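Predicted model, so just to flag it, every value in this text is computed and none were measured.
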Amino acid sequence: MDTIFALATARGRAGVAVIRLSGPAARTAVEQLAGPLPVHGRSLRLLREGAEVVDEALVLSFDHGRSFTGEVVVELHLHGSPAIVQAVLRILGNNADLRAAEAGEFTRRALENGRLDLAQVEGLADLIDAETEMQRRQAMRIFQGAMGAKANVWRAKLLRAAALIEATIDFADEDVPVDVRPEVEGLLVDVLIALEAEVAGVSVAERLRDGFEVAIVGRPNVGKSTLLNYLAGRDAAITSHVAGTTRDVIEVRMDIAGLPVTLLDTAGLRETADEVEQIGIARARSRAELADIRVHIVAADELPELAIQPGDIVLHPRGDETGDVNGISGLTGYGVQRLTGHIEQELSARVASVGVAMRERHRLAMVHAITLMAEVIDLLPDAVEKADLVAEDLRLAIRAIDSLVGRIDVEDILGEIFSSFCIGK
């Protein structure tokens with residue numbers, strides 16, 4: 001096993017910079033700089049290259065089996081000078097027993113050494129990328145093993161069901177004193193209900209991870225871009241009295257009550273002969289239809305240009321002038337607090353359905369397991385005659401559950417997962 005090293009903190013000037021080493025030669029390599037180290041512990045050391053002192057650093061030593069990767073790990077907590085970091089990385093790079101780590105390689109070793117399951121790896125990736133409080137909370141749940149805990153419960157029930165079916169095969173020529181079918185069906189129904197609830201929440205969970213989209217739509221000059229600028233706190237969109245000023249979709253990322261939201265300012269919806277504006281309007285309609293919520297800004301005596309969908313918000317322009325309770329104004333902020341409160345309420349209600357499954361691969365694995373278990377339930381009345389078919393479907397369902405946490409069939413997705421990690425993680 002190679003010993004790897006990398007800078008584990010961001011590049012650039014900082015108070016502290018951390019360089020991490022993992023592998024069998026980690027402690028020996030650092031001892032060449034810092035002198036003898038404890039097998040497991042911390043110490044303040046002068047790091048030397050020959051007679052020259054490079055830095056004074058806090059050195060953390062982790063024994064085999066007691067580190068993040070499960071291997072011998074040493075961390076150098078240096079003063080965060082780019083010159084110091086570069087000097088230490090150069091010294092380590094000249095050591096023939098070490099090599100620079102690849103993206104996500106520390107975490108991959110944690111997976112391979114059983115310190116994390118695959119779902120926890122995905123949770124860690126989401127935790128690193130989290131921009132809002134709700135994203136942090138959901139990612140932390142996964143990183144702490146919520147998916148693995150549920151998968152273990154589902155797996156145990158399926159294993160029990162499989163064992164009962166196997167018993168009917170083993171005693172096929174004898175009188176089995178108890179009909180196992182009711183217990184098997186009860187176990188399968190329990191797992192089915194849990195999996196269906198998880199599947200139902202995946203699409204919202206993906207939006208929570210990637211960000212919800214809220215499109216501001218309406219005719220030209222109703223105040224869409226002005227409202228976007230007010231919400232963004234800056235001039236993100238050009239505003240003008242000239243109709244058709246906005247010709248493309250303008251995006252602004254926001255945090256609304258811990259929820260990641262991308263606001264979309266779209267081209268004014270109208271009939272036009274301008275070819276470029278027509279393209280902008282087509283894009284506006286397309287993005288608005290795919291958005292999670294549409295904020296329709298429309299005069300009180302007019303109908304919205306797009307069909308109103310559940311969760312949409314209809315507001316009237318120039319609310320500061322009319323005093324309309326359903327009015328909005330991006331110039332003065334009138335009605336903006338009510339708008340953000342409505343968005344928060346609507347998206348929070350959707351997030352309530354989120355379980356621990358966060359990704360499309362989770363959904364596909366669970367749908368596969370659901371299909372197999374439904375087949376088993378259909379076969380149960382003839383379980384004695386078709387016990388082999390029932391047992392095989394249960395084995396495949398267990399494999400589908402195992403794939404959630406990486407017990408099987410993970411090599412084809414590891415590259416995609418770890419490509420999102422930084423080098424030192």
Side-chain angles (χ1 to χ4, degrees), residues 1-9 16-45 47 57-78 88-89 91-93 95-128 139-153 155-156 356 402-411 413-415 417-418 420-425:
M1 174 67 72
D2 293 343
T3 299
I4 57 175
F5 72 94
L7 177 66
T9 48
V16 175
V18 178
I19 292 177
R20 176 181 292 151
L21 299 87
S22 181
R27 189 179 302 114
T28 302
V30 175
E31 285 179 337
Q32 295 175 19
L33 291 168
L37 297 176
V39 172
H40 189 83
R42 63 184 184 273
S43 55
L44 185 64
R45 298 297 180 89
L47 305 184
L58 178 65
V59 181
L60 304 183
S61 304
F62 300 88
D63 197 11
H64 187 277
R66 301 178 69 180
S67 70
F68 171 73
T69 64
E71 303 170 343
V72 173
V73 167
V74 179
E75 290 185 355
L76 301 174
H77 292 233
L78 311 165
V88 175
L89 289 175
I91 295 169
L92 296 177
N95 190 322
D97 295 328
L98 309 177
R99 69 167 174 83
E102 299 174 357
E105 191 168 4
F106 290 94
T107 305
R108 181 160 187 157
R109 291 192 176 195
L111 172 68
E112 292 170 345
N113 293 326
R115 305 293 288 181
L116 299 174
D117 64 38
L118 186 59
Q120 287 177 293
V121 170
E122 292 169 322
L124 178 56
D126 291 341
L127 187 61
I128 292 171
M140 184 57 73
R141 287 178 63 201
I142 309 303
F143 180 52
Q144 290 183 322
M147 171 69 82
K150 286 194 174 187
N152 285 337
V153 172
R155 187 176 192 271
V356 296
D402 282 346
S403 72
L404 292 172
V405 292
R407 290 192 179 98
I408 60 165
D409 300 336
V410 299
E411 286 300 324
I413 62 173
L414 289 183
I417 292 173
F418 290 117
S420 67
F421 279 76
C422 57
I423 296 295
K425 193 60 184 172

Step by step, would you call Val88 with Leu76 a side-chain contact (heavy atoms from CB on, under 4.5 Å)? CA-CA 9 Å; Val88 175; Leu76 301 174; 3.9 Å; yes

Out of Arg115, Arg108, Arg109, which one pairs with Glu112 under the side-chain hydrogen bond (donor to acceptor under 3.5 Å, both in side chains) rule? Arg108

Stepwise side-chain contact (heavy atoms from CB on, under 4.5 Å) check, Leu116 with Thr107: CA-CA 8 Å; Leu116 299 174; Thr107 305; 4.1 Å; yes

Taking the side chain as every heavy atom from C-beta outward, state whether Arg66 and Glu71 have any pair of such atoms under 4.5 Å apart. no

Leu47 side chain reached by Leu78 side chain, heavy atoms, under 4.5 Å: yes

CG-OG distance between Leu60 and Ser43, expressed to the nearest 0.5 angstrom: 8.0 Å

Under a 4.0 Å N-O cut-off, is there an ion pair linking Arg27 with Glu31? no

Once rounded to the nearest 0.5 Å, what's the spacing between atom CG of Leu98 and atom CD1 of Ile4? 10.5 Å

Nearest atoms (heavy-atom pairs only) where Val356 meets Ala146: CG1-CB, 3.6 Å

Between the side chain of His40 and the main-chain N/O of Asp63, is any donor-acceptor distance below 3.5 Å? yes

Any sub-3.5 Å donor-acceptor pair from Gln120's side-chain atoms to Asp117's backbone N or O? yes

Which residues pass the side chain to side chain donor-acceptor pair (under 3.5 Å) test with Ser67, not counting sequence neighbours? Thr69

Minimum heavy-atom separation for Glu102 to Arg99, with atom names? CG-NH1, 4.3 Å

Can you name the closest pair of heavy atoms from Leu21 and Ala26 and give their distance? CB-CB, 3.9 Å

Minimum heavy-atom separation for Val405 to Ala151, with atom names? CG1-CB, 4.1 Å

Whether Thr9 side chain and Ala17 backbone form a donor-acceptor pair below 3.5 Å: no

Distance check, rounded to the nearest 0.5 Å: Leu124 atom CG versus Leu111 atom CG? 11.0 Å

Measuring from atom CZ of Arg141 to atom CG of Leu127, what distance do you get when rounded to the nearest 0.5 angstrom? 13.5 Å

Can you tell me which residue among Leu92, Asn95, Ile91 is in a side-chain contact (heavy atoms from CB on, under 4.5 Å) with Gln32? Asn95

Can you find a heavy atom in the side chain of Met1 that is under 4.5 Å from one in the side chain of Pro24? yes

Where do Val72 and Ser22 land on the side-chain contact (heavy atoms from CB on, under 4.5 Å) test, with the steps shown first? CA-CA 6 Å; Val72 173; Ser22 181; over 6 Å; no

Please determine whether side-chain contact (heavy atoms from CB on, under 4.5 Å) holds for the pair Leu89 and Phe5, giving the CA-CA distance in whole Å, both sets of side-chain angles, and the decisive distance to 0.1 Å. CA-CA 8 Å; Leu89 289 175; Phe5 72 94; 3.9 Å; yes

Should the pair Glu75-Arg42 be classified as a salt bridge under the 4.0 Å nitrogen-to-oxygen rule? no

Does Arg20 count as lying over the ring of Phe106, i.e. NZ or CZ under 6.0 Å from the six-ring centre, within 45 degrees of the axis? yes

Heavy-atom closest contact (Pro38 atom, Arg45 atom, distance): CD-NH2, 4.1 Å

